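One structure is given below, encoded as structure tokens.
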Amino acid sequence: MNAMLETPELPAVFDGVKLAAVAAVLYVIVRCLNLKSPTAPPELYFQDSALSRFLLKSCPLLTKEYIPPLIWGKSGHIQTALYGKMGRVRSPHPYGQRKFITMADGATSTFDLFEPLAEHCVGDDVTMVICPGIANHSEKQYIRTFVDYAQKNGYRCAVLNHLGALPNIELTSPRMFTYGCTWEFGAMVNYIKKTYPLTQLVVVGFSLGGNIVCKYLGETQANQERVLCCVSVCQGYSALRAQETFMQWDHCRRFYNFLMADNMKKIILSHRQALFGDRVKKPRCLEDTDLSRLYTATSLMQIDDNVMRKFHGYNSLKEYYEEESCMRYLHRIYVPLMLVNAADDPLVHESLLAIPKSLSAKKLTIAISWGQST
């Protein structure tokens, strides 16, 4: 009877299947965490000058080997996901005042002003004018962290809230922020210059904000007055060149494109009445907007073509991207310029980094590629 109840031994091949499954899981983990990528110092591209030598001497971090946090720190995807969760709990909450500016077309621009919490190291009055990334504002975790650190080191900070990005601020004209519109940022800078006539400016832009600040400085030399330097972080420089790479699946770029497009749709539709309502006096370029195409859009390019380019009357997506990208303005910037990119940025394809590298050979520009390649 006992012999009849005994379970027959499984063939040895089953153990092989288990080992193969374990090996496959480990391989996926190693690939996802990017554990085999070597660490290295940032790649720096610059002309030899007194300023660049001083910067490298006073900021040794620029030449040190980049060693990311153990396990999760080598994956840009996991860093993004973890900070999205942990940052909401651990981010500081700097106190600032919200300022409102009425634009020429009736739009209401807002920015938040944060006073310094300590004396600046050289005793100067310096204001950081900051432009966040796409659809972002002063309440985002990375902006709060940056502002808190700057305040404690003696900097005043002015942070632009992109037009339409704040959920509790209604649009007062049929227009919202776009890829390269500098009007609101320029209005904020002019307010700071007028209110603080002795202050000097450090211009900072993140991602889409990096495109806006570089374009703003290059539009006219007058915009560079009282500007000490400009720092652009993780922008792509040319939307026209980037649009093809945004549809590729390597580094999950197409997936991020979909997520950002979905967020943009929600923001646009939350302002549906202000932008497309029957009682709104819309510019002629917006009259043929087909909202059904917006509902079905799965990429930023589709949204830009159907809605965003029309806010400024561009006839095609190509024209919009060519005119609104900072690449054609970079050579007109005469203040010191630092262009910072992550080597493993899932959104900015490595081919786009040729733009800052090329510029650094011609102008007083430092191009930095930070982190390990994937």
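Along the sequence shown, the residues carry numbers beginning at 1. Computed from a prediction, not measured in an experiment: that's the story for all the values here.
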Distance-only polar pair, side chains of [X] and [Y], donor-acceptor under 3.5 Å:
| X | Y | result |
| --- | --- | --- |
| Glu219 | Thr182 | yes |
| Ser299 | Asn257 | no |
| Asp305 | Tyr321 | no |
| Asn315 | Tyr320 | no |
| Gln235 | Tyr237 | no |
| Arg254 | Thr298 | yes |
| Thr102 | Thr108 | no |
| Asn341 | Ser369 | no |
| Thr127 | Thr199 | yes |

Where Ala107 and Ser173 come nearest, the two heavy atoms and their spacing |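 Result for this residue pair: CB-OG, 3.3 Å.
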Hey, quick one: are [X] and [Y] part of the same hydrophobic cluster, counting side-chain heavy atoms closer than 4.5 Å, chains of contacts allowed?
| X | Y | answer |
| --- | --- | --- |
| Met188 | Tyr179 | yes |
| Leu217 | Leu208 | yes |
| Ile130 | Leu228 | yes |
| Phe100 | Leu163 | no |
| Val122 | Leu117 | no |

Checking salt bridge (Lys or Arg N to Asp or Glu O under 4.0 Å) for the pair Asp148/Arg144: CA distance, chi angles, key distance, verdict?
-> CA-CA 6 Å; Asp148 180 71; Arg144 296 205 311 254; over 6 Å; no
Is the backbone N or O of [Y] less than 3.5 Å from a side-chain atom of [X], with the two atoms forming a donor-acceptor pair by type?
| X | Y | answer |
| --- | --- | --- |
| Thr245 | Ala242 | yes |
| Lys64 | Pro60 | no |
| Asn136 | Ile134 | yes |
| His271 | Gly164 | yes |
| Thr195 | Ile192 | no |
| Gln200 | Arg226 | no |

Test ring pair (Phe, Tyr, Trp, His ring centres under 6.0 Å) applied to Phe185 - qualifying residues, sequence neighbours left out | Tyr216
Ring pair (Phe, Tyr, Trp, His ring centres under 6.0 Å) against Phe177, all qualifying residues, sequence neighbours excluded |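 By the ring pair (Phe, Tyr, Trp, His ring centres under 6.0 Å) rule, Phe177 matches His162.
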What do you reckon, are the aromatic ring centroids of Tyr191 and Phe111 less than 6.0 Å apart?
->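 So the answer is yes for these two rings.
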Would you say the ring centroid of Phe246 lies under 6.0 angstrom from that of Tyr256?
->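 Not close enough - the centres of the two rings lie 6.0 Å or further apart.
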Are more than 12 heavy atoms, taken from residues, nucleotides or ligands other than [X], located less than 6.0 Å from that residue's [atom1] atom?
| X | atom1 | answer |
| --- | --- | --- |
| Glu244 | CD | no |
| Arg293 | CZ | no |
| Glu65 | CD | yes |

Residue pair Lys99, Asp112: steps toward the salt bridge (Lys or Arg N to Asp or Glu O under 4.0 Å) verdict | CA-CA 6 Å; Lys99 304 293 184 179; Asp112 286 17; over 6 Å; no
Do Arg241 and Glu322 sit within salt-bridge range, that is, some charged N less than 4.0 Å from a carboxylate O?
-> no
Option among Arg328, Lys215, Lys318 that satisfies the side-chain hydrogen bond (donor to acceptor under 3.5 Å, both in side chains) test with Glu323 |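 Of Arg328, Lys215, Lys318, side-chain hydrogen bond (donor to acceptor under 3.5 Å, both in side chains) with Glu323 is met by Arg328 alone.
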Sequence neighbours excluded, the answer for side-chain hydrogen bond (donor to acceptor under 3.5 Å, both in side chains) partners of Tyr95 is none
